[in-house]
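Count residues from 1 along the sequence.
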Amino acid sequence: QVQLVESGGGLVQAGGSLRLSCAASGRTFSSYAMGWFRQAPGKEREFVAGISWGGSSTLYADSVKGRFTISRDNAKNTVYLQMNNLKPEDTALYYCAADYSIVIVTTSEGYEYWGQGTQVTVSS
């Protein structure tokens, strides 16, 4: 069982930065690939970024490539999403998710555990 709690969301102007954190409970955090997803009002949940259990592999949606960076600290049971050069279209509820897998999955159905989400709002 893994419990996930996101933090770090907020209101920021376009071009600004935010760093999201996702704290995980459980001693097997390092066995899980982690992902960040987002969902804007009226839209489906979409994959943003993923990282392998050891942190050696990462994957990004084209829309955030070059602006967002996912990382993890297994000693702290935490995964991060550094978001730079934010745009109004990045406004969404951001979720972290855990998948007991050695590969990074880009579909929400592939993740077993989810946090409650943290709101990111980017003003123009």
Trp114/Phe37 aromatic ring centres below 6.0 Å: yes

Same hydrophobic cluster for [X] and [Y], using side-chain heavy-atom links shorter than 4.5 Å among ILVMFWY?
| X | Y | answer |
| --- | --- | --- |
| Leu20 | Tyr60 | yes |
| Val79 | Val2 | yes |
| Ile104 | Leu81 | no |
| Met34 | Phe68 | yes |

To the closest 0.5 Å, what do you measure between [atom1] ([X]) and [atom2] ([Y])?
| X | Y | atom1 | atom2 | result |
| --- | --- | --- | --- | --- |
| Leu4 | Tyr113 | CG | OH | 9.5 Å |
| Tyr95 | Ser108 | OH | OG | 11.0 Å |
| Leu86 | Thr91 | CG | OG1 | 8.5 Å |
| Asn84 | Thr69 | CG | OG1 | 6.5 Å |
| Asp99 | Ser52 | CG | OG | 11.5 Å |
| Met83 | Ser17 | CE | OG | 8.5 Å |

Of all the heavy-atom pairs spanning [X] and [Y], show the shortest one and how long it is.
| X | Y | value |
| --- | --- | --- |
| Ala24 | Phe29 | CB-CD1, 3.3 Å |
| Trp36 | Ser21 | CH2-O, 3.7 Å |
| Ala14 | Ser124 | CB-CA, 4.4 Å |
| Thr58 | Ile70 | CG2-CG2, 3.7 Å |
| Ser30 | Trp53 | O-CB, 3.1 Å |

Test side-chain contact (heavy atoms from CB on, under 4.5 Å) on Tyr100 and Thr28; report intermediate values, then the result. CA-CA 9 Å; Tyr100 191 68; Thr28 59; 5.7 Å; no

Is a donor on one side and an acceptor on the other found under 3.5 Å between the side chain of [X] and the backbone of [Y]?
| X | Y | answer |
| --- | --- | --- |
| Asn77 | Cys22 | no |
| Ser25 | Gln3 | yes |
| Ser56 | Gly54 | no |
| Tyr94 | Ser7 | no |

Under the criterion side-chain contact (heavy atoms from CB on, under 4.5 Å), I'd like the reasoning laid out for Val120 against Leu18: C-alpha separation, chi angles, the key distance, then a yes or no. CA-CA 9 Å; Val120 171; Leu18 283 174; 3.9 Å; yes

For residues 39-49, which side-chain N or O atoms pair as donor and acceptor with protein atoms under 3.5 Å away, sequence neighbours left out?
unit_1: Gln39; atom_1: NE2; unit_2: Lys43; atom_2: O; d: 3.1
unit_1: Glu46; atom_1: OE2; unit_2: Arg38; atom_2: NE; d: 2.6
unit_1: Glu46; atom_1: OE2; unit_2: Arg38; atom_2: NH2; d: 3.2

Does atom CG of Leu11 have more than 12 heavy-atom neighbours from other groups under 6.0 Å away? yes

Are side-chain heavy atoms of Ser57 and Ile51 found at a separation under 4.5 Å? no

Taking C-beta and beyond as the side chain, do Thr121 and Val12 meet within less than 4.5 Å on heavy atoms? no

Quick note, salt bridge (charged side-chain N to carboxylate O under 4.0 Å, His left out) partners involving residues 51-75, not counting sequence neighbours, are Asp62-Lys65, Arg67-Asp90

